[in-house]
Structure formats: structure tokens, C-alpha cells
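So the structure is just underneath, and the comments pick up after that.
Excluded from the calculations below are hydrogen atoms, water molecules and symmetry mates; all remaining heavy atoms, backbone and side chain alike, are included. One-based numbering along the sequence shown.
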Amino acid sequence: MAKVDVVMPKMGESVMEGTVLTWSKQVGDEVELDETLLEISTDKVDSEVPSPAAGRIAEIIVPEGETVEVGAKIAVIETDVDAPVGGDGSSAGPDAAAAEPEVSEEAKPAAPNIEPVAEEAAEATGAGAQANAEAAPPVASGGGERTEVVMPKMGESVMEGTVLSWAKQVGDEVELDETLLEISTDKVDSEVPSPAKGILVEILVQEGETVDVGAPIAIVATGDGAAAGASPAPSAPKQQPAAAEAGETPSAPEKSYGMTGRALAGDGSPLAEPAEAEVAARGPLQRRGEDGRFYSPLVRSIASAEGVSQRELESIKGTGTEGRVTKQDILGYVKQRTSAPAQTQAAPQQRQAPAAQPKQGAKPAAPPPSGDYGDRVEIIEMDRMRQLISEHMRRSKDTSAHVTSFNEIDVTNLVKARENNKRAFQQREGVKLTFTPFFVRAAVEALRTHPTLNASVEGKRIIVKKDYHIGIAVAIGTKGLLVPVVRDAGQKNLTGLTHAIADLADRARNKQLMPDELQGGTFTVTNVGSLGSLMGTPIINQPQVAILSPGAIKKRPVVVEHPELGDIIAIRQMMYVSLTYDHRIIDGSMGASYLQAYKDALESIDPNEAI
């Protein structure tokens, strides 16, 4: 027999400690490998911690509400479940200690790492792969296998994902790499393919639910495992495992927001907990409110401890992503409520008649319109992409002092060079030769002599970037746009730029981008001319300080200086180009100088150049 230590996992480079929110298992309970043991919280994310081994809980070292450093021991699992259990949860018997040497550090399972763990999958499939669903090792079941599908990693900074829609339902057959569902993060939406061929026997996360990277979201089974595991309806995730199984109302955790484990009154004595009858009448706080907002376990635990009802929780204005209520929001509300007697007196009445909660897994009803618009209108709710674009554009206008300058460029030689090379280029390279790679190459050449445009602003500091990571605006039908980034564009020739741009644009339109491919840009090019616009005044893509917008190429009669004939009128391919820049650090003279350098780069192209 052996004992396995459970330690506080690392949840990011800057996270040094975590708080135990709730234990899903108690001393003496049996646990399976990767079964949820407890829920923890840091200042950045809440997450469930899976068991590192199958066995029985022999000891819980850190109680709910306590905060400990990353790597500290928080529990012990006894892997021999047949051994008798003593009163303290440890194996009984006089020879137990002698017969149970602890596993050496080398033999112990690694501490559960809650950081995204799909790097190997991303490297195996390349940068252009779909968001691959991770699969736990298949478990044999009566001649078949059950493969666990988990929330995939979508980038270094992405710690959770939301299930938007299931493409398959329980009982449906799925092929390997066939789309199972569509997920969303705060940066990108993506389709998740099946990691195995078989039958979808269980859906663990419903549409609209948000879970951490690495959390199980479905099970695909083959052979006898499919027949044995198929269930008639999707299973809903449990809100409060320990209390729900016992048929009891979950008790509120202690009011602990730090090392003390309890919230203290002004005289240092513990604050009184809400009466049990009052808690029972109020009911458990829901993971997702009627307005569709998600409430993290940490926020719910604080709200429950402070006697905040579901209705009150939903009334709080959130400052987090998509209006989520953060720890600071709930604590601020509690402080304000405590100082307002009228609100405090009204709280019991609200608790007596809480708002009706939607059924688990059901989509929240849309709030009614704020005004009477009559019958001749159509109300369209913003989808996630439009909400993100709206927030990003508004924030950019609030941040940067926008100024736009224009120039006119004779791109006749550019058009001839492309026409002379496009057929042979496509046959040789397998991708179309468009104007965008030429625009990006010229933009980088102009940036080399105007480095301030390849920068960002942090307070009173200008951060000039030495690498040229160029964002390319890609229209996604009528839904909106994405701006994937061509990394190290300054080190690529025209052929390399063409391949990179074509790949990113194709994957952007097919929801196959990774979130990391949408961040880190230093300068953006948005080719409004490809959509037929003569010119545009784009909004800066924060935290950048400039964005370039080539317009449509049109034949026009222009005055040309001929070396022998003097001024003549000729038909030329002309294009307007605009540059929007941040006037906090870029003046009009620098903006005009950059446009002139860009113009010179395009007009100097050799029409007979072999590409």
C-alpha cells in the first residue's frame, strides 16, 4: 500500500498561492483517478483540482477557507482502498506504518497542473491546426473504450472556455476529427474535433457553461463501451456535489478571503453566519444567472457567506469580461450594502421570494427590450464576436487620440508585376498571389525608418518594438472581423508573406485560429480596397499606435511627368492609402513621412521582377 500527496497546483507563472474553496470529497471517501477532489481559487482564476491517483482520502490537511503556497501538501490519498480506516482517516492496525512506506519523490505522481496542457498537441499538428480536443487515456469497458474529451488549450493566456453549441448529441456517431462542438474564449471562437471514432455517450458541459482548460466536457465510446455508456439525455454538471448527493442545502463557506479563514467584525470577533432557515429559504446560488452571466465559484462563495441572494447578485454591475462579477465587485457591493441600512432591511424580503431560476442546462431568457419600438422593428442580440469588437473599438477610441492622414499612390508597376507572376506563382506555390503581401512588405520597409509607429504606450513610456508582427484584418462574412498576426514579417520574403497571410485568412474564416495568433501584433494593415472601398479611416488596434489602410485600385487619368514629352495625361492604376495613428506620440509630420516612405516602396516595384 502507498500514500500519494495532493499538493496545491500551480495555476500560472505569477500565481504563488491558492485558497481552498470547497472539498468535494471527505476523509474516508473513495476517489477515482482525475476525479474532482476540491475547488481552489487564486486572484486570477477558480478551478477544480483532480485526484492524482485512485484510492481513498486518508487525510485533509488544508480546510476550506485556508490559503497556502503553491506546492504545499493539502491532502493525502491512500491507494489501498481495502485497508481499514481509523478515526482520523488513516489506515488502522499496529503494523500499518511499517507496511506503508511513503512513495519516494521520484515515484510520486506530479502535482496536478491546472495550466493549459495542450502544447504537445499544438506542436504535433502545427500552427495551422484546429483547436484539438484533448483526450484522456482510453479506459477499456467490456471490449470497448471510453475516451474523455476535455476542454482544449487555446493559448498560453487562456485558462477557460465556454461551450457555444454542440454539433452532436448523446447517441450520435462521430468520426475521428469530426466536429463535436464549438467553444469560445475571450479571444476567439473555435470548433473542437472528436479525438476518437465512436458514439457520443455523455455530454458533461451544457451550452453556455464555462469550464477550465483540461476539464472533461464529453465522453466518446467505442464497441461495448458505447452500448454500456450511452445515456438517454445529457448529464448536467453538478453545482454542489457533496451537499446535492446528501439531499441538503449547501451550507455557506466560512467568510474567508485570506489566511484567517473567517471574516471578522470591528471588535475582532467572528461575524455571525446567516440563520440556517434563512439560508435554506434563499436557496443555492446559481452558476449562471437569468441574464446569462457566469458567476465564478469564488464570487458565489463570498456571496453565500455574506447572505447575498441570487437577485442581489444579478443586480451587481460587473467589471470583468462580458460584465462578469469579480471578487472586487462582490466585496465592494457587500461593503456598500453594509453601510446602507435601507438596503440591509430590504434584503430579507428579497430572500423570502427569490427570483425563479432557470433549469440546469437551459439557455437563459433574453431580457425584454428597454423601450416600446412598435411592430415594425427586428431586435437582434449581439453575438459574442460583435460584443468583443464593440468593446475593443470603444476602448481604443477612449485610449488613443486618433488622427488620419492620406496619400495617393501610382501602383501601375505593382499591378503589372502581379499580373506577370500570378499564374506561375500559384502553380509553383499552391496559393494565390494577392496585393496584400506587397502592402505588408512595403509597410515593414517604411516601419524600419519610422520605428515609433511600431510601438505601444505604457503610461508615460513609449515601448518601441524591434520585431515586426503585422496584424492582417480579415472579414468574417457579415459577422465581423478578426486580426490574426503574421509573426516576424520583417524576416519573410514576398513568398513567405503570401503563404503566411493565406494560411491565417483561411483559418480565420473557418474558426481554426488559436488565441495566441490574434495577439502580440505591433502594427496592423487592413485592406479595405479588397472590399471595394476607395479609402477608410480605421480605428487603431490596441495597444498598437498605428493602422494602415490601402484602398481600392482604380484606373484614372492622371498627369504624368514624361522625361521627353513633359507633362502628359495617362491612364494609370491609382490607389488611396490612409494611416490612422495615435497623436499622443505621433505627430502629423511623422505620419506624412511614413506614408511617403510607403508610397516610395510601392512605386519602386519593378514590373518585370520575377517573384
Side-chain angles (χ1 to χ4, degrees), residues 1-11 18 20-41 45-64 73-83 85 89-91 103 108-117 133-142 145-152 160 195 201-206 209-221 225 228-229 231 234-246 250 287 297 360:
M1 63 187 69
K3 293 182 180 179
V4 176
D5 291 343
V6 182
V7 301
M8 179 62 66
K10 183 178 182 180
M11 300 184 64
V20 175
L21 292 180
T22 57
W23 282 97
S24 302
K25 297 292 183 177
Q26 301 301 322
V27 172
D29 290 352
E30 294 186 6
V31 294
E32 299 294 331
L33 176 65
D34 291 333
E35 184 178 3
T36 297
L37 282 180
L38 70 155
E39 194 168 16
I40 64 174
S41 174
V45 69
D46 300 340
S47 182
E48 296 175 345
V49 177
S51 174
R56 180 174 57 209
I57 303 294
E59 185 180 5
I60 290 179
I61 299 172
V62 181
E64 295 177 359
K73 186 192 299 186
I74 57 178
V76 177
I77 295 176
E78 172 62 67
T79 58
D80 185 0
V81 296
D82 294 327
V85 179
S90 60
S91 299
V103 182
K108 289 180 184 178
N113 190 348
I114 311 302
E115 291 187 281
V117 292
E134 295 180 38
V139 179
S141 176
E145 292 180 344
R146 290 165 61 85
T147 300
E148 195 175 71
V149 185
V150 302
M151 181 62 68
E160 65 181 12
V201 297
E202 194 171 358
I203 290 177
L204 305 175
V205 180
Q206 305 304 309
E209 288 290 317
T210 300
V211 296
D212 294 324
V213 167
I217 55 178
I219 294 177
V220 175
S231 56
S235 61
K238 297 180 180 179
Q239 298 261 345
Q240 301 284 350
E245 292 173 3
R287 182 185 180 95
Q360 182 66 32

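Atom CD1 of Ile40 and atom CH2 of Trp23 lie 10.0 Å apart (nearest 0.5 Å). The CD1 atom of Ile219 sits 11.0 Å away from atom CD1 of Ile203, with the distance rounded to the nearest 0.5 Å. Interatomic distance, Glu39 CD to Asp212 CG, rounded to the nearest 0.5 Å: 8.5 Å. Here the straight-line distance linking atom CD1 of Ile57 with atom CD of Gln26 works out to 9.0 Å at 0.5 Å rounding. With rounding to the nearest 0.5 Å, the separation of NZ in Lys25 from CD in Glu30 is 9.0 Å. Note that CD of Glu202 is 9.5 Å distant from CD of Glu148, once rounded to the nearest 0.5 Å.
Summarising the geometry of Gly55 relative to Ile77, their closest heavy-atom pair is CA-CG2, 4.1 Å, with the distance given to 0.1 Å. Between Pro216 and Leu204, the shortest heavy-atom contact is CB-CD1, 3.6 Å. Looking at every heavy atom in both residues, Pro52 comes nearest to Leu37 through CD-CD1, 4.2 Å. Here the closest heavy-atom approach between residue Ala221 and residue Arg146 is recorded as CB-CG, 3.8 Å. Nearest heavy-atom pair, Val62 versus Lys73, reported as atom, atom and distance to 0.1 Å: CG2-O, 3.8 Å. For the pair Val20 and Pro63, the tightest heavy-atom approach, listed with the atom from each and the gap, is CB-O, 3.7 Å.
In this structure, Leu38 and Glu64 have side chains that are not in contact, with every pair of non-hydrogen atoms separated by 4.5 Å or more.
Between the Ser51 side chain and the Ala53 main chain, a donor and an acceptor come within less than 3.5 Å of each other.
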